[in-house]
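Everything below concerns the one structure shown next.
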2 protein chains.
Amino acid sequence: MGMDDRKLRILQAIIDDYILTAVPVGSRTISRKYETSLSSATIRNEMSDLEDLGYLDQPHVSAGRIPSAKAYRLYVDQLLQSGRITADSSDTIRTHFANRVQQMERVIDQAAQVLSTLTGYTAVVLEPGGKQPRIRNIQLVSVSPGSALAIIVTDAGLVRDHIISVPRNMDSDELYTISRALTEALSDCTPQQACDRIPILMARMEGNAAVLQSFSGLMSEARDGDSHRRVAVGGVSNMLAYPEYSDMEKARSFLSLIETRDKLASIIAQKGDVAFTVRIGPETGVPEMSDCSIVTATYSTRSGRQGTIGVIGPTRMQYSRVLSVLSGMGQQLSELFGSNEEKQ
Amino acid sequence: MGMDDRKLRILQAIIDDYILTAVPVGSRTISRKYETSLSSATIRNEMSDLEDLGYLDQPHVSAGRIPSAKAYRLYVDQLLQSGRITADSSDTIRTHFANRVQQMERVIDQAAQVLSTLTGYTAVVLEPGGKQPRIRNIQLVSVSPGSALAIIVTDAGLVRDHIISVPRNMDSDELYTISRALTEALSDCTPQQACDRIPILMARMEGNAAVLQSFSGLMSEARDGDSHRRVAVGGVSNMLAYPEYSDMEKARSFLSLIETRDKLASIIAQKGDVAFTVRIGPETGVPEMSDCSIVTATYSTRSGRQGTIGVIGPTRMQYSRVLSVLSGMGQQLSELFGSNEEKQ
DNA sequence: GTTAGCACTCGTCGGCGTTGAGTGCTAACC
DNA sequence: GGTTAGCACTCAACGCCGACGAGTGCTAAC
């Protein structure tokens, strides 16, 4: 008993219908709405086969069938192979990022916003990361006697700022000299390398050991804290609209997962170089998401850093729409960040 | 028929019990658990009076009574007058901010986190704002040919960064010279003042008109965008645990309100100089929050800028606990930001 | 002023029959 | 051999009691 073409068509119809209605679909529905040339009895036989093959589940005997994770997998794989996903280039995406010069932070916030309204699911956008950032410029600015703000610009244009303490009597010219020296010495370093070099610098610039000390702590924090990539989330409330979350307990655990940004980031972060990742139900590897699907795509900056955009929805998600929206948004973001770093 | 002492005690008992259980409380409960010297019949008479006075509501005739917004108001006012709110100084608050040098952003994130776990409600923290920030230092850093990152440090230690475009052939020394000039010319200005002065500067530094042009756009955006104060939220999932949100539609509208940060910020933002604000149910002025209460407190930085911390919970919130936690957190944050700007 | 007693209300909960969607199987049909 | 009509069967959902019990208001007695 293999998977002939008709079985496939029927399976497709079931998935389509279930995605739309979230109600177990019966043989009669298929025979009337989709395969009008076949009777419900025939469909029934085929459905029984499909169940044996593991593509359908039956919540209880007198209910219709619902697609299994395996079915969605098949569905999505076909979708991806068929190349039918065309990047959504609706104005909503385009106009949102046009003309305006933007702060990185606001861009990813807005991207999450747009993604979620466009899909109706929950959207997550992860700022570019992956490669260790490289230091481009270091600036110490006095904010009050005894403390200074250390601003570090990295190659991705990312800024980290921290307050560090400095000797009380240090004036802004001195701070500037140190900044200059630090920039020169650590330019193009990763935080890791910076940590390694600071002891050497200390010997050279002995008068400013205290400042270097604070700075070193900051660097080691930056090194360890790469997991703290900023992550924007949008459309969480959308999820509550789907019947799969009428169970409060489920909704709660989902929400609380979304709230722990670190965990969320590591779930969303996409490794490898594929254009899309689709994880369906159990494939997510997260118990709280066992009946969600996560679709992610990447965008990249000129410097080769990769960010991830993703959509989280119920397993019966509108994959084809989500894929094309993600694709469109990915392109848009790549363009945006690409051009930022190399504009005429 | 006035409010004698006994009525007050009974009302108090009803509120306490309802806060705990979320179940309409009956006369028998009060007579057994609180006013053991009185019979349920007596309590019943008193409750009937209290209902006439508008302090109690009756969901239906054979259910117990629940406190009205007016009752909570009385309750909270007494709480505030009695001075019984002692700043919660449990280690949870203290240790979270000790020793570590922090980015402002992370501080408010963590504050929201701690507030929500400590209270069990949803917590919102608004970064300091109010006074127009004053420019302290401006730095232009080249990120790629043709674009530069403009970093503006303000008196509150806040950093804004934007990418602006610059002539392609400009090297970092030139950028530095401009930075220096800008800092000198605009130091201690508000964004508004900066906008005003830029035309004058343009005349003086004619060679760099293009850069100034971009910079001016940025300033005017900063001026208008003060409403975009950063806001951190924590413990949203907590809310779903309360029975008042078993209604999905309510939960959804609440969540979506929380998601629109701008609206949320303007709701939370506390005007005036009082230590606490307590808004109960309809007093919030937000239909989505008609059965929530919002309690806010302020913290302030050395420079006099005020931030707000707030807790959003059901109207039957544990006001006394929330008030003391907020008070503790407010102190802690004030200390933190106070010392940041004037450390030994 | 307080309390015991009592009739009354009304939401909640569990049981029960009805309904209807959907299945599986069998036998007939092409 | 695949397709279909027919039929018995299953089972969740729905609505309808009736019992239960928490709680009230009122009255009469203390």
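Note that this is a predicted model, so its numbers are computed, not measured. Protein chains get the first letters and strands the later ones, always in sequence-line order, with residue 1 at the start of each.
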- prompt: Just by distance, with hydrogens left out, do S39(A) and T42(A) show a side-chain donor and acceptor under 3.5 Å apart?
  reply: yes

Can a donor-acceptor pair be found, under 3.5 Å and without considering hydrogens, that links the side chain of [X] to the backbone of [Y]?
| X | Y | value |
| --- | --- | --- |
| T315(A) | C292(A) | no |
| E35(A) | I10(A) | no |
| K70(B) | L53(B) | yes |

Atom [atom1] of [X] and atom [atom2] of [N]: how far apart are they, to the nearest Å?
| X | N | atom1 | atom2 | answer |
| --- | --- | --- | --- | --- |
| I43(A) | dC25(C) | CD1 | C1' | 18 Å |
| Q58(A) | dG22(C) | CD | P | 11 Å |
| K7(A) | dT3(D) | NZ | P | 9 Å |
| L56(A) | dG22(C) | CG | P | 14 Å |
| E51(A) | dT23(C) | CD | P | 10 Å |
| R32(B) | dA22(D) | CZ | C1' | 11 Å |
| E35(A) | dT3(D) | CD | P | 11 Å |
| I66(B) | dG23(D) | CD1 | C1' | 15 Å |

task: With a 4.0 Å heavy-atom cut-off, tell me which residues in residues 17-27 of chain B come close to DNA chain C, sorted by residue number.
output: none

[X] versus [Y], closest heavy-atom pair with distance:
| X | Y | answer |
| --- | --- | --- |
| S116(B) | N238(B) | O-ND2, 3.4 Å |
| S31(A) | L38(A) | CB-O, 3.4 Å |
| T308(A) | I268(A) | CG2-O, 3.6 Å |
| G235(B) | T122(B) | O-OG1, 3.2 Å |
| A63(A) | Q58(A) | O-NE2, 3.6 Å |

- prompt: For S37(A), which contact category applies under a 4.0 Å heavy-atom criterion: base, sugar-phosphate, or nothing?
  reply: sugar-phosphate

Between CG on residue L56(A) and CG on residue D49(A), distance to nearest 0.5 Å: 10.5 Å

Approximate separation, where rounding is to 0.5 Å, of R6(A) CZ and L8(A) CG: 12.5 Å

Closest to side chain of [X], choosing from [options]:
| X | options | value |
| --- | --- | --- |
| N45(A) | dT4(D), dT24(D), dT3(C) | dT4(D) |
| R65(A) | dG24(C), dT10(D), dG25(D) | dG24(C) |
| T42(B) | dT2(C), dT9(C), dC11(D) | dT2(C) |

query: With the sugar-phosphate defined as primed atoms, P, OP1 and OP2, and the base as all remaining atoms, what B/S/- string results for nucleotides 12-21 of chain D, 5' to 3', for protein heavy atoms under 4.0 Å?
result: S---------

Tabulated below should be each protein N or O lying under 3.5 Å from an N or O of nucleotides 4-6 of chain C; please produce it.
{"residue": "dG5(C)", "atom": "O6", "partner": "R44(B)", "partner atom": "NH2", "Å": "3.3"}

Bracket string, DNA chain D, 5' to 3' - pairs by Watson-Crick or G-U geometry under 3.5 Å, | interstrand: ||||||||||||||||||||||||||||||

message: Both M47(A) and R6(B) contact DNA chain C. Taking the nearest nucleotide for each, which residue is further toward the 5' end?
response: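 By nearest-heavy-atom nucleotide position, the 5'-most residue is R6(B).
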
Under 3.5 Å, which donor-acceptor pairs link side chains of residues 23-30 of chain B to any protein atom two or more places apart or in another chain?
{"residue": "S27(B)", "atom": "OG", "partner": "R44(B)", "partner atom": "NH1", "Å": "3.3"}

message: I need the single residue from M47(B), R9(B), E46(B) that forms a side chain to side chain contact (heavy atoms under 4.5 Å, CB included) with I14(B). Which is it?
response: M47(B)

message: With side chain to side chain donor-acceptor pair (under 3.5 Å) as the rule and sequence neighbours excluded, what pairs involving residues 278-293 of chain B come up?
response: R73(B)-E283(B), K250(B)-D291(B), S293(B)-Y319(B)

